[in-house]
Amino acid sequence: MSKETYRDLWTSFINGDDSAMKLLYTEFADVLYSFGLRFTTDSELVKDAIQDLFVDLFKYRRTLAIEVNVKSYLFTSLKRKICLVLKKEAAEINQHFEIPFLLSGSTEEQIINDERQSELLGKLSRQLELLPSRQKEALYLRFNSELDYEEISAIMNVSLETCRTLVYRGIKQLRERMVVSHIYKIMA
Amino acid sequence: MDSKNRYRAEDLLSGRIPQGEEDHISDSERELADEIKIAVKSAGQEKLESLETAALWEKIAESTTLKTKRFSLIPYLKAAAVLLVAFGIGFWQYSKNTPTHKLMEFAAQNLSRKSPDQIIEVRKGKTGKVTDIYLDDDIITTNDYNTVVVGEGRRSAISLPDGTKVWLNSGSKLIYPIAFQGDTREVYLEGEGYFDVSHDKQHPFFVRAKHMEIRVLGTEFYVSSNTESDQNYAVLVQGSIAFSTGNWLNRVEKKLVPGQQISIDAKSNNVHVSQVKTTEFEAWKAGYVDMQSEPLDEIIQRIARYYHIEISTGGLDLSGERFSGRLDLQRSVADVIQTLCLGTPYTYNDRERRLELKKR
């Protein structure tokens with residue numbers, strides 16, 4: 001589906017067509033689910049947040065803006081919902097909350113990946129997980145969710161240039177670490 | 001710096017290479033960039049089960065006014081026009097009142113949380129409301145649909161309203177309407193079944209399962225669809241079937257000829273077609289296996305596979321016992337193995353599913 005199609009569905013939904021929202025839901029359920037799991041390993045929490053998000057859309061249908069980027073709107077809302085819960089949970093046990101970004105995914109998934117992935121990919125994945133959260137988030141949104149920089153900047157609430165810089169620095173660091181480990185291997 | 005290799009992976013991936021200089025980057029940097037993309041892509045591919053997706057939507061619909069709301073027809077028609085242009089046939093799959101939609105919704109609501117044991121509990125408990133649940137053998141009737149649940153270590157064969165015969169393996173579930181209506185005949189399968197579909201050109205027969213969909217043109221075939229494992233496949237014995245998987249965005253469709261098995265890897269959505277011997281599947285349906293001087297331990301493992309359970313032989317050396325002939329598998333697994341063990345020093349413990357030495 002293209003951006004224009006999302007926009008058309010969104011507009012139809014605001015104008016009263018419920019089936020348009022069902023189509024958007026079907027389209028986004030999986031990507032939202034996997035995006036949500038970057039902030040917590042609790043899949044029930046993520047599912048609840050997705051449910052909440054769509055219930056809200058119906059509830060506030062009349063007040064929704066027509067001129068939005070549907071993708072970044074859904075991602076942003078989901079992230080906000082999940083982080084709100086996590087923040088509350090952290091506050092209850094008197095802990096400082098910092099938004100995490102987990103790239104390794106569920107342990108089960110990881111085991112399967114480890115078996116399948118080549119050595120290089122395995123190394124890359126481990127190095128990826130060591131990057132700062134913001135860089136990981138930018139890389140994930142760009143190359144996993146395949147969003148454009150405009151959408152990423154809306155979700156991460158930073159300027160377009162900052163998004164590009166986050167991606168640039170993340171890749172640079174990855175490359176440097178990979179090269180170092182490569183040289184080390186040759187010398188050993 | 002060498003102007004030919006001025007740029008690196010980070011320039012490429014953050015879109016900082018000016019137009020016209022796209023090839024001023026070395027092959028190794030380009031490869032690294034690709035690998036990084038793959039690594040990021042593979043770090044988050046979690047998907048909701050299709051039943052979960054449906055169940056979650058059901059919850060959303062319940063907590064909104066979606067179910068009771070009346071909406072004006074005009075915006076609806078406008079939207080419909082837009083959608084039809086945009087997706088063609090895809091739209092109809094999601095419109096509410098198709099038989100497919102009803103069937104899938106019913107399956108999502110009734111199969112997602114109950115395990116076979118729990119459903120059978122309902123049957124045996126007899127405390128539930130009997131008014132709207134009609135119980136006949138393992139068939140549960142609710143809201144226009146029959147649900148057949150086959151318990152562990154058992155098999156079942158049923159006839160559908162159109163004369164189609166289905167043999168179901170242990171632990172499988174089949175949902176079908178009390179009466180087929182409309183232009184198609186559709187059933188939902190979880191587990192393993194052998195279908196002998198009655199011929200009716202006007203009403204194509206569909207088997208829907210979690211990761212696949214099979215359109216039948218009057219034929220015999222075997223389907224294995226397991227929610228837990230990723231073992232999803234279909235084997236065509238006679239006639240022809242069209243196999244499809246994926247949603248309407250990334251649909252894969254294949255036609256099979258007899259003797260072909262099509263397997264799908266649910267994770268990667270890859271399908272694979274191979275040639276298989278259909279005799280094993282036909283024997284499965286007929287309920288027997290032929291043995292020629294086969295050792296007991298191999299026979300036990302065949303039976304275990306057949307009933308889809310695990311049987312322990314507890315380190316006993318069974319290779320001395322050999323059997324020839326036809327083994328009838330129509331009855332329960334305990335009956336079959338007990339019969340087999342009659343002339344041997346062994347006995348079958350059904351509770352622990354293992355073979356033991358007879359007590360003297």
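Letters go in sequence order (proteins before strands), and every chain restarts at 1.
Contacts from residues 149-161 of chain A to chain B, taken as heavy-atom pairs separated by less than 4.5 Å, involve A:Tyr149, A:Glu161 in sequence order.
In this structure the side chain of A:Phe143 never reaches within 4.5 angstrom of the side chain of B:Ile36, judged on heavy atoms. Under the 4.5 Å side-chain criterion, counting only non-hydrogen atoms from C-beta, A:Arg169 is not in contact with B:Glu10. Residues B:Glu46 and A:Tyr33 have side chains in contact (heavy-atom distance under 4.5 Å, counting atoms from C-beta outward). B:Lys47 is not listed as a side-chain neighbour of A:Val31, based on a closest heavy-atom distance of 4.5 Å or more. With a 4.5 Å cut-off on side-chain heavy atoms, A:Arg142 and B:Lys37 do not count as touching.
If you measure heavy-atom distances from A:Lys59 to chain B, you find no contacts under 4.5 Å at all. Proximity to chain B (any heavy atom under 4.5 Å) is shown, for A:Ser43, by neither the backbone nor the side chain.
Relative ring orientation between A:Phe54 and B:Trp57 is described as perpendicular, the plane-to-plane angle rising above 60° on a 0-90° scale split at 30° and 60°.
Among residue pairs with one or both ends in residues 72-81 of chain A, those qualifying as side-chain hydrogen bond (donor to acceptor under 3.5 Å, both in side chains) are A:Asp56-A:Lys81, A:Asn69-A:Ser72, A:Lys79-A:Glu137; sequence neighbours excluded.
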Does the pair A:Arg175 and B:Glu29 meet the rule for a side-chain contact (heavy atoms from CB on, under 4.5 Å), with working shown?
-> CA-CA 9 Å; A:Arg175 180 174 57 76; B:Glu29 284 293 320; 3.1 Å; yes
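Taking the ring pair (Phe, Tyr, Trp, His ring centres under 6.0 Å) definition, one finds that A:Phe28 meets it with A:Tyr6, sequence neighbours left out.
With respect to chain A, the highest number of heavy-atom pairs below 4.5 Å among B:Thr53, B:Leu12, B:Leu32 belongs to B:Thr53.
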Side chains of residues 44-52 of chain A: which donor-acceptor partners sit under 3.5 Å, not counting sequence neighbours?
unit_1	atom_1	unit_2	atom_2	d
A:Glu44	OE2	A:Lys47	NZ	3.2
A:Lys47	NZ	B:Glu52	OE2	2.5

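Expressed to the nearest 0.5 Å, how far CG of A:Asp30 lies from CD of B:Glu49 amounts to 10.0 Å.
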